[in-house]
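Worksheet: one structure, shown below.
Chain naming here is simple, since letters A, B, ... match the order of the sequence lines and numbering starts at 1 in each.
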2 protein chains.
Amino acid sequence: MKISELAKRTGLSAHTIRYYERIGLLPFADRDAGGQRDYDEAILVWIGFLKRLKTTGMPIREMLLYAELRAQGDQTGPQRRKLLELHRERVREHLAELEASLLVLDTKIDTYVEAEKRTQNHDNSTQIRRNQIGARAARS
Amino acid sequence: MKISELAKRTGLSAHTIRYYERIGLLPFADRDAGGQRDYDEAILVWIGFLKRLKTTGMPIREMLLYAELRAQGDQTGPQRRKLLELHRERVREHLAELEASLLVLDTKIDTYVEAEKRTQNHDNSTQIRRNQIGARAARS
DNA sequence: CTAGGGGTTTGAGCGCACTCTAAGTCAAGG
DNA sequence: CCTTGACTTAGAGTGCGCTCAAACCCCTAG
């Protein structure tokens, strides 16, 4: 698979894929006869995991550390586990903050909705008054 | 309250508070006799809300838009409500992604934990074998 | 009177994560 | 053969959100 297809399948741009390779997040890609990057499906799994880390706010520096540990082989498993556990804790905290903020947002939106309802009611009263005046006018 | 106290009470730096004022996120502060910024408690509520927006990932540009609408008075209520509703939807989506990623993280960590258990068991078996050998050696 | 510890301004600098540019190579189709 | 278009590189540029530097002002305590 060439870089443009990998880009399409991962949602990353070709630029970003090269950038990730350059900084060490992705392994150096194999090249075809023409010297162009030629990817194996396997890379999709790794990129998928990187995207999870990114989604959860892990800085590239730390992904890089993870990638380096991974490249060093099985004996770095415990370090990688600890890194992920620390990260998970941060994500949980962030999640809790988000949920709290979402409640605040709900409340705030509600106050706007209530304010709009009141305005709506005022309009209605005005409308009713107009109708009454109109009715009176019609009667006279 | 002077800027350093406001900084302490909001968790923002004095630098950041001045920056927020400069770009329009905070109203121009009143000054005391010596020309120094002198804040009223009321600012804490606004900063608190800004921090919620920030926590939930709203870009400064958009907070700025919200702040400008707010400064224009009550009649911008509906626009502000819509802005917050759109933002809330994005936050909910992000929250869902985070939760999904958290599950992936859990699974990944589990595989490391399992791998370590196996290593541990190997050690144990080795240990047992050693003991057995030791026992045999002791018997002989 | 002076030193210290606030505060003030304008504008430059920084870290992050891309994103793009320029100049070049290569393979396939007309 | 020539054009087209996807690829290559090194390195510059971008947008965001701060963060800091330099030079200055002002109040208070010793």
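Across the protein-nucleic acid pair, B:Glu5 atom CD and C:dG6 atom P stand 13 Å apart, rounded to whole Å. Taking atom CG on B:Asp32 and atom P on D:dT28, their separation rounds to 10 Å, with Å as the unit. Taking atom NZ of B:Lys8 as the reference point, atom P of C:dG6 lies 10 Å away to the nearest angstrom. If you take CG of A:Leu6 and P of D:dA6, they are 16 Å apart, rounded to a whole angstrom. Rounded to whole Å, the distance from CZ on A:Arg18 to P on D:dT9 is 7 Å. Atom CD1 in B:Ile23 sits roughly 13 Å away from atom P in D:dT19 (whole-Å rounding). Whole-Å rounding puts the B:Leu12 CG to D:dG17 C1' distance at 12 Å. The interatomic distance linking A:Phe28 (CZ) with D:dT8 (P) rounds to 14 Å, in whole Å.
The existence of a salt bridge linking A:Glu89 and A:Arg92 is confirmed by a sub-4.0 Å separation between a basic side-chain nitrogen and an acidic carboxylate oxygen. Contact check on B:Lys82 versus B:Glu85 returns no salt bridge, with no Lys/Arg side-chain nitrogen under 4.0 Å from an Asp/Glu carboxylate oxygen.
In this structure, the side chains of B:His94 and A:Leu98 come closer than 4.5 Å at one or more pairs of heavy atoms. Residues A:Asp38 and A:Ile3 form no side-chain contact, since every pair of their non-hydrogen atoms from C-beta on lies 4.5 Å or further apart.
Between A:Met63 and A:Met58, the closest heavy-atom pair is CE-O, 3.0 Å.
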Nucleic acid footprint by protein, nucleotides 16-30 of chain C - heavy-atom cut-off 4.0 Å, B for base, S for sugar-phosphate alone: SBBBBB-----S---

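Using modelled atom types, one side-chain atom of B:Thr56 and one backbone atom of B:Arg52 make a donor-acceptor pair closer than 3.5 Å.
Put simply, B:Arg37 has a side-chain N or O that comes within less than 4.0 Å of OP1 or OP2 on C:dT8.
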